[in-house]
Protein chains: 2
Amino acid sequence: MQTLFTNPKVDPSQHPDLNQYFAFGISVDCVVFGYDGVDVKVLLIKRGTEPFLEYQAIPGDLVHPKEDAVTATQRVLKDLTGLQNIYLEQLQTFAGVDRHPLGRVATIAYFSLLRIEDYNPKPSSWATDAQWTPIQQLGEMAFDHKEIFDVALERLQRRVRHKPVGFELLPTEFTLTDLQHLYETLLNTQFDKANFRKKILAMGLLLPLDKMRKAVRYRPARLYKFDPNRYEALSNRGFLFEL
Amino acid sequence: MQTLFTNPKVDPSQHPDLNQYFAFGISVDCVVFGYDGVDVKVLLIKRGTEPFLEYQAIPGDLVHPKEDAVTATQRVLKDLTGLQNIYLEQLQTFAGVDRHPLGRVATIAYFSLLRIEDYNPKPSSWATDAQWTPIQQLGEMAFDHKEIFDVALERLQRRVRHKPVGFELLPTEFTLTDLQHLYETLLNTQFDKANFRKKILAMGLLLPLDKMRKAVRYRPARLYKFDPNRYEALSNRGFLFEL
DNA sequence: ACAAAAGTGTTACACGTACACCCATGA
DNA sequence: TCATGGGTGTACGTGTAACACTTTTGT
């Protein structure tokens, strides 16, 4: 019989009734958001295995017995989609009794934002597909993944209002209009151009570059990048800006 | 041998190597905050059992095999401290490999705010004590409970700035000065009396009562209560006020 | 009358909002 | 020169911060 205890100093026979409490599985699922200049997208796989064969799913899998959750998430993301070195933030844990047909599995959901251009997903392991999917075009999803996605999207929208998420979602160089479009897409609103610019620039997070976006048939826009130092400084104090 | 699968339709012998993945324990821990008019306090128990016998701890215990996490938390809180019908919000899950000496246990931490006057904790089960403890007076705590507490406190402080937490922490009837003291304590700052009042009243969340606080040797202050309707309305839209 | 806290009004200034206007480019 | 989006200035109203002031109670 498989030992249920990781610490050999504890004798399981001293706690015979404890075994039933050590029969949970733990999985991780990671909702990865990206932006391509037009749509907000989420990285989804197609399952090549039962249960939920062929269903769309958030990338995720069971955690190994001696692996911590963040490590597991990085491993699973790499195995299924090829993505590596992703910044992860814990979202929420879903622990419903019947959420997994194979047994009692609680899943720790993670959340990530990244520049879509930097990551080209390639399905492997039991994932038969891995695609950036516009968040309006979600099909039926495996397990309770739709619910997980909804919670993640809510978090993203809340996040936009408190942290400069453009830092993570936009290419390194971008125009103020790019940034405004991102915010308008995420929050599903419209902003006044002049006021948006004033507010964003007043935060002092952006460094103007000596570059313009070219090859457009109208006036070229100045490119900016985020100032990582200023971002750090504000991060620690917890921003709190509103749009 | 104990079956590891809750769903009898799945035959475990079909997945022999899967057993090692179903050897986790899951616990819940609940950080309950209260306010007594002077201090912010947290509900802690003293452990009457190994491991960490006699240590201060956040109330929590292992989840039963067919019990969902919120139900488990309510049960555990009632068993250990007598508190019932508490509003819970999920905080974060702590899943470090070595955080529990008995085996691999991930804990789902919950978070709660309540009126201290309404709840008089009584230790039972394996808790030998249950006390409202001022958050400055924390001793050494069991497991990684200090870390969990720190995350909870951070959440509380962030929360104060976005939701009117007084709603949950103050007695039903309170004065504007009570509310101001609460905010000053939580955020560790000072506010101008006149400006604080103007701002709070402008939110329209408070209903003035035809009552005064009496038996004080200075001018009696008007009592207020929260307007639950207005709170609901703003809740859905996600407040976002700052102080 | 005094102490102590309740409660209000005034002013200066920062900031958000609305909107009008000019600028640079390719076709 | 026109269409298109880039980019800026101003004027107005609201909100914030600082601070002085008045009011009401018990002793």
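Chain naming here is simple, since letters A, B, ... match the order of the sequence lines and numbering starts at 1 in each.
When the P atom of D:dT16 is taken as reference, atom CZ of B:Arg197 falls 17 Å away, rounded to whole Å. Summarising the geometry, the separation between CG on A:Leu201 and C1' on C:dG16 is reported as 15 Å, rounded to the nearest angstrom. Here C:dA5 presents its C1' atom at 15 Å from CG of B:Leu223, a figure rounded to the nearest Å. Atoms CD (B:Gln180) and P (C:dA5) sit 13 Å apart, rounded to a whole Å. A straight line from NZ of B:Lys199 to P of D:dA18 spans 12 Å, rounded to a whole angstrom. Between A:His181 atom NE2 and D:dG6 atom C1' there is a gap of 11 Å when expressed in whole angstrom units. To the nearest angstrom, P of D:dG5 lies 18 Å from CE of A:Met212. The nearest whole Å value for the distance from the CD1 atom in A:Ile200 to the C1' atom in D:dT8 is 17 Å.
For B:Asp36, the salt bridge (Lys or Arg N to Asp or Glu O under 4.0 Å) partners are B:Lys41, not counting sequence neighbours. Evaluation of the ring pair (Phe, Tyr, Trp, His ring centres under 6.0 Å) rule for B:Phe226 yields B:Phe167, B:Phe174 as partners, not counting sequence neighbours. Among residues two or more places apart in sequence or in another chain, the side-chain hydrogen bond (donor to acceptor under 3.5 Å, both in side chains) test is passed with A:Thr71 by A:Asp68.
B:Thr177 comes within contact range of the sugar-phosphate backbone alone, with a heavy-atom separation under 4.0 Å but no base atom that close.
Salt bridge status for A:Arg115 with A:Asp118: present, with a side-chain N to carboxylate O gap under 4.0 Å.
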Nucleic acid footprint by protein, nucleotides 19-27 of chain D - heavy-atom cut-off 4.0 Å, B for base, S for sugar-phosphate alone: B---BBBS-
Output a table of donor-acceptor pairs, distance under 3.5 Å, between side-chain atoms of residues 135-144 of chain A and any protein atom two or more places apart or on a different chain; print 'none' if there are none.
unit_1: A:Asp144; atom_1: OD1; unit_2: A:Arg99; atom_2: NE; d: 3.3
unit_1: A:Asp144; atom_1: OD1; unit_2: A:Arg99; atom_2: NH2; d: 2.9
unit_1: A:Asp144; atom_1: OD2; unit_2: A:Arg99; atom_2: NE; d: 2.7

Which donor-acceptor pairs under 3.5 Å do side chains of residues 76-85 of chain B form with protein atoms, sequence neighbours excluded?
unit_1: B:Thr81; atom_1: OG1; unit_2: B:Leu77; atom_2: O; d: 2.7
unit_1: B:Thr81; atom_1: OG1; unit_2: B:Leu83; atom_2: N; d: 3.3

